[in-house]
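For the single chain, residues carry numbers from 1 onward in sequence order. Atoms considered below: every heavy atom in the structure, side chains included; atoms not considered: hydrogens, waters and symmetry mates. In listed order, ligands and their atoms are each counted from 1.
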Amino acid sequence: MDVKVKDLAETPTGFIDDVIEGLSTTPKKLPCKYFYDEYGSQLFEKICDVKEYYITRTELQLLDEIKFELSSLIGPEAVIIEPGAGAGIKIQNLLNALKSPSTYVPIDISADFLFYSTQKIKNKFPKVKILPIQGDFTDAIHWQGGAEQSNRIVFFPGSTIGNFTPPQAENFLRNQIKLVGHEGAILIGVDLVKPVERLEAAYNDSEGVTAAFNKNLLTRINNELGGNFDLDAFSHTAYFNASQSRIEMHLVSQKAQSVKINQQQFSFTKGEKIHTENSYKYSVERFTRLAEKAGLTCKKHWIDQEGLFSIYYLTV
Ligand code: AVJ
């Protein structure tokens with residue numbers, strides 16, 4: 001089994017259409033999945049290290065604390081499927097914790113990420129079979145599993161589920177049930193609701209890494225779609241929307257201006273925002289209910305000592 005490499009992080013075909021559509025609606029918006037080109041992914045890794053962003057650190061520590069429990073819940077010869085695998089390190093901790101895991105199935109839109117993560121896992125876990133799938137995990141993925149019929153687990157860490165609205169999240173979970181089958185399970189990390197100061201600090205880090213990550217969307221439009229955004233004329237903002245229980249990130253136009261993308265003009269009033277990301281936060285009660293609506297049973301959940309982050313083991 002070999003992975004094909006592509007030389008460049010290619011621009012997904014839907015990028016231009018999504019940008020034009022998003023900037024033509026009111027209020028303006030851009031899909032957050034376009035944050036993650038190579039530079040954006042590097043910035044995200046940097047975010048994971050800033051002191052205000054507790055998510056990655058807390059989840060890694062919690063995964064470590066529960067590894068023996070996970071190993072006995074999941075059992076031997078597991079097939080681990082990871083949507084949006086990226087270049088993550090968490091999968092290595094999980095594979096380390098499990099008894100003779102059989103197969104790793106990373107799913108990612110980026111062929112480069114798939115290639116590198118496959119190489120890395122191959123080297124560190126020579127006994128684990130790797131079956132990479134290139135695709136957008138926000139679409140339903142059709143994979144029949146081939147010989148990998150039993151003990152399939154979807155691993156979805158990092159509170160990535162927070163990027164979906166609750167109805168989308170429910171739909172996503174339903175699609176994962178199709179991937180893992182009747183005896184499968186989903187191991188998922190979900191960020192908890194917490195005092196607003198703590199939440200907002202995590203998305204307004206003092207080093208400005210999150211601001212750069214947000215603005216990278218504009219850089220991508222400039223570089224890949226022939227846009228002429230003036231990066232200094234937009235500023236990053238992130239705040240908690242309590243009624244929706246989500247952090248929202250926006251880019252705010254600092255003045256009245258118009259921007260050209262390819263041949264199209266888009267005008268901005270002073271203070272007008274582009275909504276770039278939602279990051280939903282759930283209480284245990286609300287997430288459990290959502291999982292149940294999707295047809296899952298919450299067999300077990302864990303929370304770190306500070307009450308910042310939750311991990312769920314959901315069975316079909
Ligand atoms: C990768 C979606 C979990 O929402 O916390 C981090 C992305 N955005 N800082 C999150 C993100 C701004 C992150 N997720």
**Study point:** For atom 4 (O) of ligand 1, closest protein heavy-atom neighbour
**Key:** Ser279 OG, 2.6 Å
Exercise for review: Going by the side chain to side chain contact (heavy atoms under 4.5 Å, CB included) test, name the single residue among Val154, Thr315, Leu314 that passes it with Val180.
Suggested key: Val154
Exercise for review: Report yes if some N/O of Tyr203 lies less than 3.5 Å from some N/O of ligand 1; otherwise report no.
Suggested key: yes
Practice item. Using a 4.0 Å heavy-atom threshold (strictly under), name the region of Phe44 that reaches ligand 1: side chain, backbone, both or neither. Key: side chain
Review point. Which of the atoms in ligand 1, numbered in the order shown and given with their element, are less than 4.0 Å from a heavy-atom of Tyr36?
Key: 1 (C), 7 (C)
Check your understanding: When you look at Gln92 and Lys124, which way does the side chain to side chain donor-acceptor pair (under 3.5 Å) test go after all the steps?
Key -> CA-CA 8 Å; Gln92 297 187 33; Lys124 296 197 177 161; 3.2 Å; yes
Review point. Taking atom CD of Glu207 and atom NZ of Lys51, what is their separation to the nearest 0.5 Å?
Key: 6.5 Å
Exercise for review: With heavy atoms of Asn163 as the reference, note each atom of ligand 1 found under 4.0 Å away.
Suggested key: 2 (C)
**Study point:** Numbered atoms and elements of ligand 1 in range of Ile55, under 4.0 angstrom, heavy atoms
**Key:** 5 (O)
Review point. Which atoms of ligand 1 sit under 4.0 Å from any heavy atom of Ser159?
Key: 3 (C)
Check your understanding: So which protein heavy atom does atom 14 (N) of ligand 1 come closest to, and at what separation?
Key -> Tyr53 OH, 4.1 Å
Point to revise | Polar contact flag, side-chain donor to acceptor under 3.5 angstrom, Ser206-Glu52 | key: yes
Review point. Out of curiosity, is Tyr54 lining ligand 1, as in a heavy atom under 4.0 Å away?
Key: no
Exercise for review: Please step through side chain to side chain contact (heavy atoms under 4.5 Å, CB included) for the pair Ile274 and Phe268, ending with a clear verdict.
Suggested key: CA-CA 10 Å; Ile274 310 171; Phe268 293 83; 3.7 Å; yes
Exercise for review: Around atom 11 (C) of ligand 1, find the nearest protein heavy atom and jot down its residue, atom name and distance.
Suggested key: Glu277 OE1, 3.6 Å
Point to revise | Close approach, Gly162 and ligand 1, non-hydrogen under 4.0 angstrom | key: no
Point to revise | SB check Arg246 Glu248 (cutoff 4.0 Å) | key: yes
Practice item. Determine whether the side chains of Gln257 and Ser253 contain a donor N or O and an acceptor N or O closer than 3.5 Å. Key: yes
Review point. Mind checking whether Phe287 and Tyr312 have ring centres under 6.0 Å apart?
Key: yes
Review point. Any idea which protein heavy atom is nearest atom 3 (C) of ligand 1, and the distance to it?
Key: Gly158 O, 2.9 Å
Exercise for review: With heavy atoms only and a cut-off of under 4.0 Å, state how Tyr280 meets ligand 1: side chain, backbone, both or neither.
Suggested key: neither
Review point. Donor-acceptor pair, His275 side chain versus Glu277 backbone, under 3.5 Å?
Key: yes
